[in-house]
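As structure tokens, the structure follows; a few thoughts come after it.
The chains referred to below are lettered A, B, ... by the order of the sequence lines, with proteins before strands, and numbering in each begins at 1. These numbers come from the heavy atoms of this one structure, side chains and all, not from hydrogens, waters or symmetry mates.
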There are 2 protein chains.
Amino acid sequence: MAPRTRPVVSRRERPAKAALTREGIVAAAVTVMQAEGLDRVTMRRLAAELDTGPASLYVYLRNTAELHAAMLEELLGQVDLSPVTTAGDWQDRLIKVLWSYTLILLEQPGLAQSVLVTRPSGPAYLSLAEGILALLDAGGVAPDRAAWAVDLLLHFATSTAAEQGTRARAIDAQDEEDTLVTALREAPADTYPQIAALGVAELMSGWGPDRLTWGFGVLISGILQTPRPDQETAPDC
Amino acid sequence: MAPRTRPVVSRRERPAKAALTREGIVAAAVTVMQAEGLDRVTMRRLAAELDTGPASLYVYLRNTAELHAAMLEELLGQVDLSPVTTAGDWQDRLIKVLWSYTLILLEQPGLAQSVLVTRPSGPAYLSLAEGILALLDAGGVAPDRAAWAVDLLLHFATSTAAEQGTRARAIDAQDEEDTLVTALREAPADTYPQIAALGVAELMSGWGPDRLTWGFGVLISGILQTPRPDQETAPDC
DNA sequence: ACCTGAACACCGTTCAAGT
DNA sequence: ACCTGAACACCGTTCAAGT
């Protein structure tokens, strides 16, 4: 390695005081989240990271909820939409897309929880919705039903990620599960006959990927079976 | 109204410094929540309400998550389980129970969000699970499937309450919806043909009770249709 | 043994004042 | 016009010290 008169890399440690932009702030937020978790992504921590005061961030973001939504929109670019256009069973392809979305959120569990409440509306989110609609269309789901179904599927994926993801990372996750297992085991058979008959093993079984895949299957087959309540059987036109 | 020598009611303003108990703390927390919303139910606010310092609460509650779970358990006593034992179509009765549960959470939206992550395990929660299992049993759902189904149904109800309830109370709820509506309306038809074809009206339609009832219907019919993946078709025994 | 004052280490958001 | 220091009004949780 020949010495250089002027080292390129170590010139300075960080991009020292790059001009603030919305994109730059959101990118920094994602970096901090991936390194330290969402609960470290606070306006103050982020401002420190960007060498400024917290007030400056409010020029670009209305509040913390908007920051979270922008972070999700950034991450949503990673959803694998290729199954939308491949050949194969449309249900399998739909489940693949939903899994891809869910996996991204499972890695950032707090984000799923917060996004449950602030739905994004950027291009990445629209593309995801578009892809799901295309698959439902391929499966012959009527448009009025598909409009509701896309929400239902994404809502289910998001909320499952919020639940499972946060649970996985929680410090007292084991404690909490033990409490539930004990409660189930000790449930007296005369008050709770169904619970006693099933037993703890059955009730707590399969909290692996199988359960989510089953959930997606339930939704898809339910969607195919259940007409919207208000709709009269309209003539096709 | 004859005058009394010693007014009973106005003797003292509040139950001045009743001994702390776990039940008392949780009851106070529910009162504060109903009066001021969940975000005002903080350990410090609650301690002030009970005329003590925040540290004292940690004798009875491990942390804020445990407080929230205890509050839900208290509220869960209000779920109307009568449809479990009435006559009538089991699906309609199941939907009634789920609605009763959801309505309670819709009134306390922040609670739903927080409970999504800390599942309760008290008697009220067990009774709810027991009731749902009984209805699934009445509908002929196989036990192994019912074990997963009860979780799926409660999870869906909880997460919908978290989403809808918080949205309803959010200050910028209208703003946020406007952003989504605009994004949908302006979605270019060549990139997002499905979205463009459906139109905003269809996609945003029916965010009333119909949509949740439809969701429950989708789940129930999906549950009836979808076997658990791992299960071989077992002989009945 | 049971309880708690005081401290530690933080928060989000606003707004008057600076450049 | 654009940006931000400093302040306002709070947080959860711990632990050493008191009764």
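Taking a 4.0 Å limit (strictly below) on heavy-atom distances, residues 23-33 of chain B does not reach DNA chain C anywhere.
Taking only side-chain nitrogens and oxygens, B:T64 comes nearer than 4.0 Å to OP1 or OP2 of D:dT13. In terms of phosphate contacts, A:T42 brings no side-chain nitrogen or oxygen within less than 4.0 Å of OP1 or OP2 of C:dC10. An OP1 or OP2 oxygen of D:dT4 is reached within less than 4.0 angstrom by a side-chain nitrogen or oxygen of A:S56. Taking only side-chain nitrogens and oxygens, A:Y60 comes nearer than 4.0 Å to OP1 or OP2 of D:dC3.
Rounded to whole angstrom, the span from the CE atom of A:M43 across to the P atom of D:dC8 amounts to 21 Å. Summarising the geometry, the separation between CG on B:L20 and P on C:dT4 is reported as 6 Å, rounded to the nearest angstrom. Note: CZ (A:R40) to P (C:dA9) measures 13 Å, nearest angstrom. As a whole-Å value, the separation of A:D39 CG from C:dA9 C1' is 14 Å. Taking atom CG on A:L46 and atom P on C:dT13, their separation rounds to 13 Å, with Å as the unit. Rounded to whole Å, the distance from CG on B:L57 to P on C:dA6 is 17 Å. The separation between A:R44 atom CZ and D:dG5 atom P is 12 Å, rounded to whole Å. The interatomic distance linking B:Y58 (OH) with C:dC3 (P) rounds to 17 Å, in whole Å.
Although no hydrogens or angles enter the test, the distance criterion places a donor-acceptor pair under 3.5 Å between the side chain of B:Y60 and the main chain of B:L20.
The two atoms that bring B:M204 and B:L180 nearest to each other are SD-CD2, 4.2 Å, heavy atoms only. Among all heavy-atom pairs drawn from B:L135 and B:L94, the shortest one is CD1-CA, 3.6 Å. Taking each heavy atom of A:V115 and A:H68 in turn, the nearest pair found is CG2-O, 4.3 Å.
Under the 4.5 Å side-chain criterion, counting only non-hydrogen atoms from C-beta, B:K96 is not in contact with B:D80. Contact of the B:V41 side chain with the B:E36 side chain is not registered, since no non-hydrogen atoms from C-beta on lie closer than 4.5 Å.
Remark: A:E66 engages A:R22 in a salt bridge, criterion side-chain N to carboxylate O under 4.0 Å.
A distance of 10.5 Å separates CG of A:L203 from CD of A:Q194, quoted to the nearest 0.5 Å.
Stem analysis of DNA chain D (at least three stacked-register Watson-Crick or G-U pairs, each with both distances under 3.5 Å) gives C:4-8 with D:12-16, C:12-16 with D:4-8.
Residues B:V59 and A:A65 each lie close to DNA chain C; by heavy-atom proximity, the contact nearer the 5' end of the strand is made by B:V59.
D:dC10 and C:dA9 are spaced 14 Å apart, taking the C1' atom of each and rounding to whole Å.
A side chain to side chain contact (heavy atoms under 4.5 Å, CB included) with B:L111 is found for one member of B:Q108, B:Q113, B:E107 and no other, namely B:Q108.
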